[in-house]
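Reading through the C-alpha cells given below for one structure.
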Amino acid sequence: MDLLPSQDQLDLIAAASDFLESRLPIEGIRQRADDPSAVDPDAWREGAELGLLTLGLDEEYGGSGRLLDDEALLFATLAEHLAPGPYLASTLGARVAAQCGDLPLATAIGEGSTLVGLAELRGDGCIGPDSIKGTFDLIDHAGAAYLLVASRQGTALVRATQFPDIGDLPSADPGSRLATATVDAATVSHWLPAETDPLWLRGTVLAAAGLAGLANALTTMSTEHAKLRVQFGRPIGVHQAIKHACADMAVAADASRSQMLFAAVCVQSGREDAAFQAYAAKAVATKAAIGNGAATIQVHGGMGYTYEHNAHLYLKRAHLLAHLFGEPAEVLAELLDQGAPQ
Amino acid sequence: MDLLPSQDQLDLIAAASDFLESRLPIEGIRQRADDPSAVDPDAWREGAELGLLTLGLDEEYGGSGRLLDDEALLFATLAEHLAPGPYLASTLGARVAAQCGDLPLATAIGEGSTLVGLAELRGDGCIGPDSIKGTFDLIDHAGAAYLLVASRQGTALVRATQFPDIGDLPSADPGSRLATATVDAATVSHWLPAETDPLWLRGTVLAAAGLAGLANALTTMSTEHAKLRVQFGRPIGVHQAIKHACADMAVAADASRSQMLFAAVCVQSGREDAAFQAYAAKAVATKAAIGNGAATIQVHGGMGYTYEHNAHLYLKRAHLLAHLFGEPAEVLAELLDQGAPQ
Amino acid sequence: MDLDFTDEQVEFRDEVRTWLAENKPREQRPDDAAGIREYDLGWQRTQWDGGWAGIAWPTEYGGGGLSLTQQLIWYEEYAAQGLPGIDATFVGLNHAGPTLMTRASEEQRAFHLPRILRGEAVWCQGFSEPDAGSDLASLRTRAVIDGDELVINGQKIWTSFANIADYQELLVRTDATGSKHEGITWAICDMRLPGIDVRPITTIEGGAEFCEVFYDDVRIPLSSVVGTIGDGWSVAMSTLSFERGTAFTANQVRLAKIVEDLIDFARDHLGPDGRRPAIADDQIARRLAEVRAAVASLRAMTYVGICDAMRTDTPGPRGSMLKLVYADLCKEIAALGMDIVGADALRRTSRWEPNGWVGYYYYAFSQSIGGGTSEIQRNIIGERMLGLPR
Amino acid sequence: MDLDFTDEQVEFRDEVRTWLAENKPREQRPDDAAGIREYDLGWQRTQWDGGWAGIAWPTEYGGGGLSLTQQLIWYEEYAAQGLPGIDATFVGLNHAGPTLMTRASEEQRAFHLPRILRGEAVWCQGFSEPDAGSDLASLRTRAVIDGDELVINGQKIWTSFANIADYQELLVRTDATGSKHEGITWAICDMRLPGIDVRPITTIEGGAEFCEVFYDDVRIPLSSVVGTIGDGWSVAMSTLSFERGTAFTANQVRLAKIVEDLIDFARDHLGPDGRRPAIADDQIARRLAEVRAAVASLRAMTYVGICDAMRTDTPGPRGSMLKLVYADLCKEIAALGMDIVGADALRRTSRWEPNGWVGYYYYAFSQSIGGGTSEIQRNIIGERMLGLPR
C-alpha cells in the first residue's frame, strides 16, 4: 500500500508546474478575458507535446500509459495553476477515441491539434450510443472540433458541427468560456460504454483532483498572505481568526487530496467501491475548494475582493468544476445510494 | 414604538430573579434528579404567590393582567435560572380555564395548588374540542391534575386521569420529567379555540422566550469563564477562538431576544404577521440556544463536559424547549408558508 | 412595549410615503460615472426642493432635524419603495457633513454644508490605504506643510465615487515621529486639484464601485484642514461613530426584499432533483425559512437598537452586532442563492439584473470586509460589549 | 500508488482476522469498575497467550514488533470486529509502556513492561489538573523530596480508569522556581499507596469514564522516578508524540460503522415530516452523504499519514489534523443523529445502547476537548505545519 507520490510522480508534477508557470501564467487569464477562446493555441500545443493530454493514454496511441493517480496529480497541478482550456474534455476525448480504435483522432487530440470541448446536459434529454438530445452547456467549445458528452452509462464524442445555434453566454469564470446549445438529435461519432471503461468515474475523479488542487493552492495563498500582511504591527497570521481559518483550509485541502488519490487508485484498480470513493472525492473536494475560496477572499480583505487578485479566479473555477460530472446534490444522492464502502 | 423593557418590567425581572436564585437554585436540579417530580412543591406555591403563573391572566381571574411581552420577559428569566416545573403548561392552562369561564380552576392553577403538565402529540393523532387521541410525550406530569394539549386549531385541558398506563421515560434534561402515554379517546374538559385566543402562538412565543433566556445565560456564563480562566498566563478570553465564540453567542442571544419581544408584541396586538413573527422567534431562538449551549461546553473545556457544571443543563433544556409547540422542521415549514412579513 | 406609531408618526409616515411615491426618480439609474453623478445629485436636489434633504441634520444647518423614529420611518419607506442605498451623496450626507458640523470652522461649514444638502457637491472618503486596512491609523499618505499649503504624496484605496467626487475627506500623516494615532490630519481635498490620479478598481463581481486615488505633490490650502494639524484621528473617530445610525434600517428592509425575491425565485426555478421546483426541496426550503427568520430578527435587533439610541443617545457597539449579522446573512443568502441557481452558477450575472444571484454571491463577499471586517466587529463586540480582555 | 497489500500482508490479515474472530471476548463488557478491570485484563492475557500482545512494541520487550502496515491491518480488523476502543489497557500499552521503553531504567522496564503485556497491571495517566488543561506545563501538584521519597500533594483530573488502575504515570512539580517547563518530574505512582483518593466524575452523557485523583502526603520512592528529577517535561513530551500512531485507524473504522448505523437508522425512523422515513428528507439525506464522504476522506487521510510515517518515521503535526477532523466529524454526526431522532431527543439514552444517538450527541462534545482541544490542534496545524507566526 502506498498513497504518496513516487519520485517519478513528483518529477512529473515539477515539470508540469514549470511549464505552466512559464507558458500559462495566471495573468494570461485576464489578458485573454475578452478573447472568444480561453486557450492560447501555442501554449496548448506545447502542453500537448509535453504530454499533458496523454498521460493516461496507452502508449500505442501515443500516450504515456500512466495510471489514473498520475493523471489525478496532473489535474491537481493544472488547477493549482488555473491552466485554462479543455484539458479534462480533451484528455477523456483522446481516451474515447483510442478505446474506439480511432488512432488518428486519438493522436490528433493528444498532439493538441484537435480540441475537444465539454458538453454538459442541463435538464431533460438523453445521451445514447447513437445520438444525443437536450440542452447543453458547452464549456470551452471555441475551436473545438468535438464535444465530449458523458453520462453514467457511457461517453460520446459529438462533432461540434452537430450543435446548431450555439449561443455564447457570459462565463462566471474568466478562465473559461461558456455557451449553450439545444440539439434535437445530434449524431454520436464515438461511443464508449461505461462497462468498457468507467469514464464517468474517471471524469469525476479528475474533477475532484482539480478541486483538490484549487483547495490546496488557496491554502498556500492564504497562508503566505497571513505571514506577510502586517496590521497593528504584527502579521495577521498571529490572530486565531486568521490562523485557524488557514488551519481549516489546510485540513480541507489535505482531506480532498487524500480522498481523490484514494479514489483514483480505486477506480484504476476497479475496486468494488470505486464509484462510492469517486463520488466521495468529488463531494469532499467541492466543499473544500469552495470553502477555501471564500475563506481566502476574507483572509485577503479588500485585496481579495478585487478582480486583480487571483483569489476569485480560484473560487470561480471551483464553482465551474463543481457542476461538471454531476451536480453537487446529485453526487451526494449517488454516493448515499451506494453500499457501504469496503 | 418601544421595544425596551420599562422600569416596571425591569422590576418584575429583578423580583423573579431574586426569588429564583434564593428558592430555586440550579443545584436543586441535581438534588432532585432521582425524585419522581422535578418540582419542589413549596417553591412552586411560593412562586405562584409571587404571581409567576398569572402575570398575563386577567385580573378578574386573580392575575396581574399584564401583556405578552411581560410574560415573555418572565419566561426568559425563568429559563435563565433553569426554573424546573411546568410553568409554561400551567400558565397557559390557567388561561384556558379562565377563557372557558372556569374561575375555580383558573384560581387553583394560578395559586399553585393545581398543576398542569404538558402533553405533546408525537406522530399521528388528533386534538379536538371534545376528545384527543394519539401517543403523547408528557412533560412534568407528576403531581399534575391536568395536561395541556395544544394544537394550532385550539388548546385543550385534559384530566391526568384520562391518560392510562403512563410510562415514565428517562429524561435527557435532568430538570424535567418525561413520560409517554397513548390514549384512544380522552375526554377534553376545557377547550379554547385558536380564533378566541391564539394559544399556540402564545406558547410558541413563550418557548422562544425561554430559549432566548437560555441563549443569554449561556453567553454570560461563557464570557465570565473566558475572563477568569487563565491558561498560558492569560485569560483564555484574549484568544480570538474564545473571544469570537463569545461574540457570536452574544449576537445570537441578542437576535433571539429582540425577535421574541417583537413577536410577543405582534401576537399581543393581533398583527397580521403575528404567526410569522412567532415562528421566526422560535426558529431563531432554537438555533441560538442550542448553538450557544454547544459553544459554552467547548469554551469551558473539560469542566463543561461534567455533570457538575451547569452548561449541559442549559443545553438539555434548550433541546427540550426546541421540541415544544412544533418540531423545529415544522416551525420552519410553517414560517415559510406564511406570506411576507409586514 | 409596543410597535405602534403615534398619530403624528403615522401622519408623518403617510406624508413620507406619498412624497416619495410622487417624487422618486422613475428613470433607471445610469451605469456610467457621469450619469450616476447627475442622477444622484438630481435626486438630492429634488429632496432639497421638497424639504427632505438631510433628514438627520439639525435644522440649524438646513436639515430636517427629524427624530430617530422619524428617521426610521423615512429609511423604511425609502427602501420599501425600491430606492437604492449606496449613492453618490451618501458620504456627504451621512459622513462628511456630520463631521464638518462637529469639527469644522464657521467658514468651512458655511461653504460646504449647503452644497451637500442642495445636491451641488459629491463627497468621497479618503481613509483606507493598501497597507492600512483594519489598522486604519497606520496610514502613511504623507503631508508636508509648505507655507500655507499641505503637500500630499501617497495613495488611498476603496474610495467609492472618487471618479465623480468634488471633495474628499482625506486623512494624511503630518507627523510620523509619534505614536500612530498622533500626527494624523483631516483635510478637505478638492478632487480637481492637480496631481490627483483616480483609477477605478474592478471587483470580483465585475463592477467598479471603488477607486484608488494617487497623490503626487497635491497642494491643499491649510485652510482646508478640519480641526487642527495632528488632531485628525479624533476628527475621524467622530465620523465613524456617527455613521452607524438609523440609515441601517434601509439595508435591513432591502435584505428582506432580497429574501422574498429569492423565495419567489425558488418557486419558479427547478430544484436540485431537476423535477420539482427548488422550494419543494426540504433543504432549500429550510434554509430559506432560516434566512427569512434571521432577517426578521435583524429587523427586531435594529428596532431595539433604535429604541436604545432614543433612550441613551450614544451609538455604542450595537452597530457592530448589526453589521456582523448583516454581513453573515448576506453571505448566507448569497450561498443559498447559488445553490438554488444550480448549474446556472456558471453564468456571470450582475446583482442589479433580475435574479442576478451569481452576481449577488460574488458581491456579498464585500460585506464582511468593507467598513470593518467581521473579525474586527467580533473583537469590538467581545471587548467593548462583553468586556473580554484584549 | 496502490492500496494493495503484499501476499504476506494479505496472509497476515487473514491470520489476524481468524485469530480475532476465534478469540475475541464474546461476553458483554461489564459496566462496573471491577468487572471492566477483569474483562480488559483477561482479554489482554488472551492476546498475550496468542502472541498478539503489544503489536507495536519491539520484540526485545516482548512485543509483536509489527510494521506500520501490519499495525494498520491489526487495528482495522480489530475495530471491524466490533472490539471496543478505549479500554483499561490502553494507557499501559500505548502510552506508559512506550515511555518506559525510551526513558526508564533497566529495573523499571524489567518490572513493568512484562506486567503490561501480560495483562497483569492497569495503568492510568496523571497529567491534567483543574488549572492545567490546555496549558499542561502549568501543573502544580507538588512533590517534595524527603529522604529517598517524593511526598506528593495536589490533585489530578480527567484520569480514565484511576479507580481500577495499579499504576499511574504521574507528573509532579518538584521545583517551582524556574520556568514552568522546568522542575517537572515524571514518576510511577502505585495507586494503592495511602493518601490517594479517587473520585469518579460524572459526565454530561451520564457515564463516569473519568476520575479526579487527590494526593495527600502520598510517598513515592525516588526509585519510581523515570528520567531524572526535573526532567519530566521531556519525558512527557516523548509520550505524547508516541500516542498518535496507527491506533487512530481503529477510531476511523468505528466512526465509519457509526455512520452506516446512522444511515440504517434513518431508513427505519420517521423523518421530520412524520410521514416519510428520515432518509427520504433531502436535507437529512445530503447531510448523511456528506458525513459518509467525510469519513471516507478521514480514512484516506489516515492512510496517507501512515504511508508518510513509513517513509519519514516521525509523527509530525498530521496527528493534529486527524484529531481535529475526527472531533468535528463526531460532533457533526452527533448533531445529525439528534435531528434524525427528532422529538426522541427528549429521552436520555446511552451511546452504548442500539441507536443511542442522544447519548452519542452528549458524548461527542468530549471529542473536541479531551487530548488537546480543537483550538489547540488548530494552533498546532497553523504554527507547526503552515509556519504561521505565534
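A 4.5 Å side-chain heavy-atom check between B/L3 and C/L3 finds at least one atom pair inside the cut-off. Using a 4.5 Å heavy-atom threshold, the side chains of C/L72 and B/M1 count as touching. Here the side chains of C/D2 and B/S269 are not in contact, with every heavy-atom distance at 4.5 Å or above. The closest side-chain heavy-atom distance from C/M301 to B/D254 is below 4.5 Å. Two residues are said to be in side-chain contact when any heavy atoms from C-beta on lie closer than 4.5 Å; B/P341 and C/E260 meet this criterion. Considering only heavy atoms from C-beta on, B/L67 stays 4.5 Å or farther from C/M1 through its side chain. Counting heavy atoms from C-beta on, the side chains of B/Q240 and C/R378 never come closer than 4.5 Å.
When every heavy atom of C/L388 is checked against every heavy atom of B/C246, the shortest pair comes out as CD1-CB, 3.8 Å. When every heavy atom of C/A293 is checked against every heavy atom of B/L335, the shortest pair comes out as CB-CD2, 4.0 Å. Smallest separation of non-hydrogen atoms from C/I381 and B/A250: CG2-CB, 4.4 Å.
The environment of NZ in C/K180 is crowded: more than 12 heavy-atom neighbours from other residues, nucleotides or ligands sit within 6.0 Å. Within a 6.0 Å sphere centred on CZ of C/R384, other residues, nucleotides and ligands contribute 12 heavy atoms or fewer. Around CG of C/D7, the count of heavy atoms belonging to other residues, nucleotides or ligands within 6.0 Å does not exceed 12. Within 6.0 Å of CD on C/E11 lie no more than 12 heavy atoms contributed by other residues, nucleotides or ligands. Other residues, nucleotides and ligands place more than 12 heavy atoms under 6.0 Å from the CD atom of B/E224.
Between chain C and the options B/P235, B/A333, B/S6, B/P5, heavy-atom pairs under 4.5 Å are most frequent for B/P5. With chain B as partner, the option from C/E383, C/M385, C/Q9 having the largest number of non-hydrogen pairs under 4.5 angstrom is C/E383. Among C/D282, C/N379, C/V325, the residue with the largest count of heavy-atom pairs under 4.5 Å with chain B is C/N379. Contact count versus chain C (heavy atoms, under 4.5 Å) is highest, among B/D69, B/V331, B/L68, for B/D69.
How far CG of C/L386 is from OG1 of B/T220: 8.5 Å, rounded to the nearest 0.5 Å. Distance CZ/C/R292 to CG/B/L336: 6.0 Å, rounded to 0.5 Å. Rounding to the nearest 0.5 Å places CG of B/D248 at 9.5 Å from OG of C/S374.
If you measure heavy-atom distances from C/D4 to chain B, the contacts under 4.5 Å come from the backbone alone. Heavy-atom distances place the side chain of B/R271, and not its backbone, under 4.5 Å from chain C. Looking at B/E330, neither its backbone nor its side chain comes within 4.5 Å of chain C, counting heavy atoms on both sides. Proximity to chain B involves both the backbone and the side chain of C/A285, based on heavy atoms less than 4.5 angstrom apart. When heavy atoms are compared at a cutoff of 4.5 Å, C/I263 approaches chain B solely by way of its side chain, counted from C-beta outward. Contacts of B/E334 with chain C are absent, with no heavy-atom separation under 4.5 Å from either backbone or side chain. Using a 4.5 Å cut-off between heavy atoms, B/L228 makes no contact with chain C at all.
Using a 4.0 Å cut-off between charged nitrogen and carboxylate oxygen, B/D2 and C/R311 count as a salt-bridge pair.
Listed for the B/K243 side chain is a donor-acceptor partner under 3.5 Å among the backbone atoms of C/P389.
Among the residues in residues 274-283 of chain B, those with a non-hydrogen atom closer than 4.5 angstrom to a non-hydrogen atom of chain C are B/F276, B/Q277, B/A280, B/A283. Contacts between residues 284-298 of chain B and chain C, counted as heavy-atom pairs separated by less than 4.5 Å, involve B/V284, B/K287.
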